[in-house]
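This report concerns only the one structure given below.
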Protein chains: 2
Amino acid sequence: MKRVSLSDLSKSLNISKTTISFVLNGKAKEKGVSEETERRVLKKVKELNYIPNNFARGLRTGKSMTIGIVVADISNPFYARICRNIENEFDKKGYNVLFSSTYENPEKERHIINVMVERGVDGIILSPTRPYSSRVNKELTSLEIPLVFIDRHYPTSEIPFVVANNYQSSYNATEKLIEHGHKQIAFIAIKPTNTSVMADRIRGYKDALKAANLPFRKKYYAEFDLEDLSKPIYHKLDCLNLREHSATAILSGNNKITLALIECFQRNKILIPNDVSLISFDYLDVFSILTPPISSIQIHPEEIGDKAAKMLLGLISSSKKSYDNLVIEPQIHIKESVRFLSED
Amino acid sequence: MKRVSLSDLSKSLNISKTTISFVLNGKAKEKGVSEETERRVLKKVKELNYIPNNFARGLRTGKSMTIGIVVADISNPFYARICRNIENEFDKKGYNVLFSSTYENPEKERHIINVMVERGVDGIILSPTRPYSSRVNKELTSLEIPLVFIDRHYPTSEIPFVVANNYQSSYNATEKLIEHGHKQIAFIAIKPTNTSVMADRIRGYKDALKAANLPFRKKYYAEFDLEDLSKPIYHKLDCLNLREHSATAILSGNNKITLALIECFQRNKILIPNDVSLISFDYLDVFSILTPPISSIQIHPEEIGDKAAKMLLGLISSSKKSYDNLVIEPQIHIKESVRFLSED
DNA sequence: TCAGATAATGATACCCTTTTCATTTTATTT
DNA sequence: AAATAAAATGAAAAGGGTATCATTATCTGA
C-alpha cells in the first residue's frame with residue numbers, strides 16, 4: 001500500500017498541489033485560499049490519511065527539523081539528563097533529536113558529526129571528546145551549521161558553550177577541605193584528563209593548594225580510566241596511603257569513581273570520614289542515603305540541557321552567530337563525609 | 001557557500017552522475033566502472049568535500065537509514081542503558097537513531113510515533129505507555145513499518161517484543177521472602193500500574209502469596225507516582241505499619257521507589273533488615289555499597305537493547321514479519337537487606 | 001575484417017514537496 | 001459597461017540523488 005502523495009490528493013480533489021500545500025502549511029489566509037477550499041482539503045487529508053513526505057520537504061526547504069546530540073555516553077545519567085531536557089525543549093518546537101555516543105573515541109566523534117551533517121541536521125549539541133586543536137576547531141567551525149558545546153568546551157574558540165564552572169567549584173571544594181584542617185588532600189582524576197572539565201577540576205584543585213601554601217604532591221594524585229575501574233583501583237589507591245592517614249581527604253573527580261572508591265573503602269575497611277574525608281564531583285541521589293552522606297559538588301544537568309537547547313534554537317532561527325556563553329555555578333554540599341581535622 | 005552536489009561533481013569531472021553514484025555506493029565493481037574512473041571520482045569527492053544530500057537520497061530510495069526509540073524517560077538509567085546499546089548496534093550498520101520520551105503520556109506517545117513515521121524512520125523500538133487496547137494495537141500495526149516492543153509489551157498482540165520475565169521474577173522473589181519466614185509481605189507499585197511490567201510484577205507477587213496460602217491484603221499494597229515521590233511516601237508507608245512490624249518485608253516495584261523508601265526509612269529510624277526486609281526490582285550499582293546491601297532483582301538493560309536492536313535490524317532487512325519474542329530471565333540477588341524471620 | 005559479446009559510461013525519468021510567477025475568476029470603481 | 005483591483009487558484013521549475021535502460025567503446029574469436 002503506497003503512501004498517499006500530494007499529487008494523489010490533488011487529483012482526488014481537483015485542486016492544485018500549490019493550494020493544498022498552502023493549506024497544509026497554515027498559509028491559507030495569507031495566500032488567500034477560500035475557506036471552502038480549505039475545508040475540503042483538510043477533510044480529504046484526514047480521509048486519505050495523507051502524511052507529507054519529509055524527504056521531499058527537506059530536499060526543497062533545506063531544513064530537516066532535526067538536531068543532533070553527541071555526548072561521551074548516553075548511559076551516563078549526567079548526559080542522559082541533559083539529553084532529556086534538550087529533547088524536551090526541541091520537541092516543543094517540532095524538532096526531532098538524533099543522538100550518538102562517542103565513548104571518548106575521537107575518531108568516532110568525527111565520524112558521528114560527519115554523518116549527522118550528511119543527514120542534514122539543523123544544528124548539533126556536542127560534548128567534545130577531542131582536546132582543543134586549531135585543526136579540530138576549524139573542522140567544527142567549517143561545518144556551516146549551528147553548534148553548541150555542553151559540559152566541555154574550547155576556551156579559546158568562538159564556538160558557543162554551556163558549561164559548569166569546574167575550575168571555581170574545584171577550587172572552592174579544595175578550599176573547604178583546607179578550612180576543615182586538611183593538608184594532605186588527594187585528587188582522583190578520570191581519563192581523558194585533557195577535556196576542559198577534568199583539566200579545570202585539576203587546575204582548581206592545584207590552585208587552591210597553592211593559595212594555601214600547600215604543595216601539590218604526585219602521590220596525592222591519581223588517574224583512572226572509567227572503563228576498567230574494578231581491578232586497578234585499590235592498587236592505585238594504595239599509593240595514597242589512606243591506611244596510614246597519609247592523605248586525609250579526597251576530592252573525587254566524578255560520581256562514578258566515587259562509587260568505586262566507596263566500594264573499595266568498604267572492602268578494605270577504610271572508614272569515611274574517620275580515615276579519610278571525601279567530596280565528590282557530580283551529585284547523585286544516593287549520596288544522601290549512604291552512610292555517611294557524601295559531600296558533593298552538584299551540577300544540574302537539566303539546567304545545562306535547557307540552556308543549551310535554547311541557545312541552539314536561537315542560533316538556528318536567528319542565523320546570527322553571537323554567543324552568550326553560559327557558565328553555571330555548581331553547588332557545594334558539605335555533609336558528614338567531611339570531618340574537621342584537629343591540629344596536632 | 002552552497003554545498004557541492006552530484007551534478008557539480010559530474011560537470012567538474014565530465015563523468016555522468018550515474019557513474020559517480022555507482023562509485024559512491026560501492027557498486028563500482030559490480031557495475032563495471034574502471035579503476036581509473038573510480039580513482040578520479042574518489043579524488044574529486046575529497047577535493048570538493050562532496051557530501052551527499054540525504055533528502056534526495058531518501059526521497060528516491062524511500063529508506064532513511066534512521067530508526068526511532070521511544071521510551072518513558074531517557075533520563076531513567078534503565079532506559080538510557082537500553083538506548084546506549086541500541087544506538088551502538090545500529091551505528092555499526094550505518095543507521096542513525098532518533099529518540100524521544102513519552103513521560104508516560106499516552107497522547108505524547110501517539111504524537112511521537114506519528115512524527116517519526118512522518119520523518120520516514122525505517123523502524124521503531126517502543127516501550128509503550130498506553131495499555132493494550134485493540135484500537136491502539138491496530139494503530140501500531142497499521143504503521144507499515146517494523147516495530148519492536150521493549151521492556152513492556154502487549155501479550156496478545158503480534159507485535160514482537162524483548163522483555164524481562166517480570167512475572168516469574170516477582171513470584172520467585174516473593175517466594176524467597178516467604179522462605180525466609182515472612183508472612184506479611186508488602187508490595188510497592190509504581191503508577192501507571194497497567195503497563196505489562198508493573199502488572200506482571202503485581203501478579204507474580206499475588207500468585208506467590210496464594211501459592212503459599214497467604215492472603216493478599218490491601219494494607220500491604222501501595223501505589224506511588226514517580227513524579228511526586230517526596231511528600232506522600234511516608235504518609236502512605238504509614239499504612240504498612242512498619243514500626244509495629246505489621247509488614248515484615250517489602251518487595252519494591254522499581255529502583256527509584258527503593259531509593260525513596262530507604263531515605264524515608266532513614267529519616268524515620270526504621271532499620272533494614274531489623275524492622276523490615278527489602279528486595280528491590282532493578283538493580284543499581286549503589287545497592288551493593290549501601291548499608292546494608294540491598295537485595296535486588298536484576299535485569300540487564302544492555303541485553304534488552306542488544307536483542308531488540310538485532311530483532312529490529314532483522315525485521316527491517318528481511319521484511320518478514322516473523323517474531324521470535326524474547327523473554328529474559330532476571331537474576332535475583334539476596335543480600336543482607338533480607339533477614340530470616342524466626343517463628344514465634 | 002566483422003559479428004557478437006562484454007566492458008564502460010551516459011541520458012533521463014522519477015521520488016514529492018515548496019515556491020515563484022502566471023492566470024483566471026470575482027469584486028469594485030468610474 | 002469598461003477598466004481596474006483584488007481574490008483565488010494553478011502550472012511548472014527546482015531541489016539532488018538513484019535506477020532503468022540505452023548507448024558507445026573495447027575486445028574476442030572465426
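These figures come from a predicted structure and were not determined experimentally. Here is the naming used below: chain letters follow the sequence lines, and residue numbers restart at 1 for every chain.
Within the 4.0 angstrom heavy-atom criterion, no nucleotide atom of any strand lies near B/K29. Using a 4.0 Å heavy-atom cutoff across all strands shown, A/S5 reaches sugar-phosphate atoms only and no base atom.
Residues B/R3 and B/D8 are not paired through a salt bridge, judged by the lack of any N-O separation under 4.0 Å between the basic side chain and the carboxylate. With salt bridges taken as basic N to acidic carboxylate O contacts below 4.0 Å, one links A/E303 and A/K307. Taking 4.0 Å as the cut-off between side-chain N and carboxylate O, A/E139 and A/R135 count as a salt-bridged pair. By the 4.0 Å N-to-carboxylate-O rule, A/E30 lies too far from A/K27 to be salt-bridged with it.
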Heteroatom pairs (N/O) under 3.5 angstrom, protein to nucleotides 22-25 of chain C:
none

I'd like a table of atom pairs between the protein and nucleotides 22-28 of chain D - only N or O on both sides, under 3.5 Å - with the distance next to each one.
none

Between the protein and nucleotides 8-12 of chain C, list the N/O to N/O atom pairs that are separated by less than 3.5 angstrom.
| from | atom 1 | to | atom 2 | distance (Å) |
| --- | --- | --- | --- | --- |
| C/dT9 | OP1 | B/S34 | OG | 3.4 |
| C/dT9 | OP1 | B/T37 | OG1 | 2.5 |
| C/dT9 | OP2 | B/S34 | N | 3.0 |
| C/dT9 | OP2 | B/S34 | OG | 3.4 |
| C/dT9 | OP2 | B/T37 | OG1 | 3.1 |
| C/dG10 | OP1 | B/N14 | O | 3.3 |
| C/dG10 | OP2 | B/S16 | N | 2.6 |
| C/dG10 | OP2 | B/S16 | OG | 3.4 |
| C/dA11 | N6 | B/T18 | OG1 | 2.4 |

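Note on residues 104-159 of chain B: pairs passing ring-ring contact (aromatic ring centres under 6.0 Å, His included), not counting sequence neighbours, are B/Y132-B/Y154, B/F149-B/Y154, B/H153-B/F161. Counting only residues at least two apart or on different chains, no salt bridge (Lys or Arg N to Asp or Glu O under 4.0 Å) pair has a member in residues 53-70 of chain A. Applying the salt bridge (Lys or Arg N to Asp or Glu O under 4.0 Å) definition to pairs two or more places apart or across chains, those involving residues 92-101 of chain A are A/E89-A/K92. Sorted by first then second residue, the side-chain hydrogen bond (donor to acceptor under 3.5 Å, both in side chains) pairs that include residues 64-78 of chain B, not counting sequence neighbours, are A/R84-B/D73, B/S64-B/D122, B/D73-B/S75.
For D/dG16, neither phosphate oxygen OP1 nor OP2 lies less than 4.0 angstrom from any side-chain nitrogen or oxygen of B/S7. Under 4.0 angstrom from either OP1 or OP2 of D/dT18 there lies no side-chain N or O belonging to B/K27.
In this structure, B/P146 and B/L312 approach most closely via the heavy-atom pair CB-CD1, 3.6 Å.
Without hydrogens or angle criteria, A/R152 side chain to A/P128 main chain gives a donor-acceptor distance under 3.5 Å.
In terms of the side-chain hydrogen bond (donor to acceptor under 3.5 Å, both in side chains) criterion, A/Y95 has no residue partners (sequence neighbours excluded). Legend: residues meeting ring pair (Phe, Tyr, Trp, His ring centres under 6.0 Å) with B/F55, ordered by chain and number and at least two apart, are absent. Take A/L143 and apply the side chain to side chain contact (heavy atoms under 4.5 Å, CB included) test, not counting sequence neighbours, and it matches A/I113, A/V117, A/L140, A/I145.
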Given the rule in the side chain to side chain contact (heavy atoms under 4.5 Å, CB included) test, do A/L98 and A/I69 qualify, once you have shown the distances and angles that lead to the verdict?
-> CA-CA 6 Å; A/L98 287 170; A/I69 302 181; over 6 Å; no
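Rounded to 10 degrees, the angle separating the terminal helix axes of the helix from C/dT1-D/dA30 to C/dT30-D/dA1, each built from five base pairs, is 50°.
With contacts defined as side-chain heavy-atom distances shorter than 4.5 Å, the pair A/I51/A/V4 does not qualify.
As rounded to whole Å, 15 Å separates atom P of D/dG16 from atom CD of A/E118. To the nearest angstrom, P of C/dT19 lies 16 Å from CD1 of A/I20. Summarising the geometry, the separation between NZ on A/K63 and P on D/dG16 is reported as 14 Å, rounded to the nearest angstrom. Atom P of nucleotide D/dT9 and atom CG of A/L13 are separated by 12 Å, given to the nearest angstrom. Atoms CD (A/E30) and C1' (C/dT20) sit 14 Å apart, rounded to a whole Å.
Shown for residues 50-62 of chain A: residues whose heavy atoms fall under 4.0 angstrom of DNA chain D, namely A/A56, A/L59, A/R60.
Between the side chains of B/T19 and B/S16, at least one donor N or O sits under 3.5 Å from an acceptor N or O.
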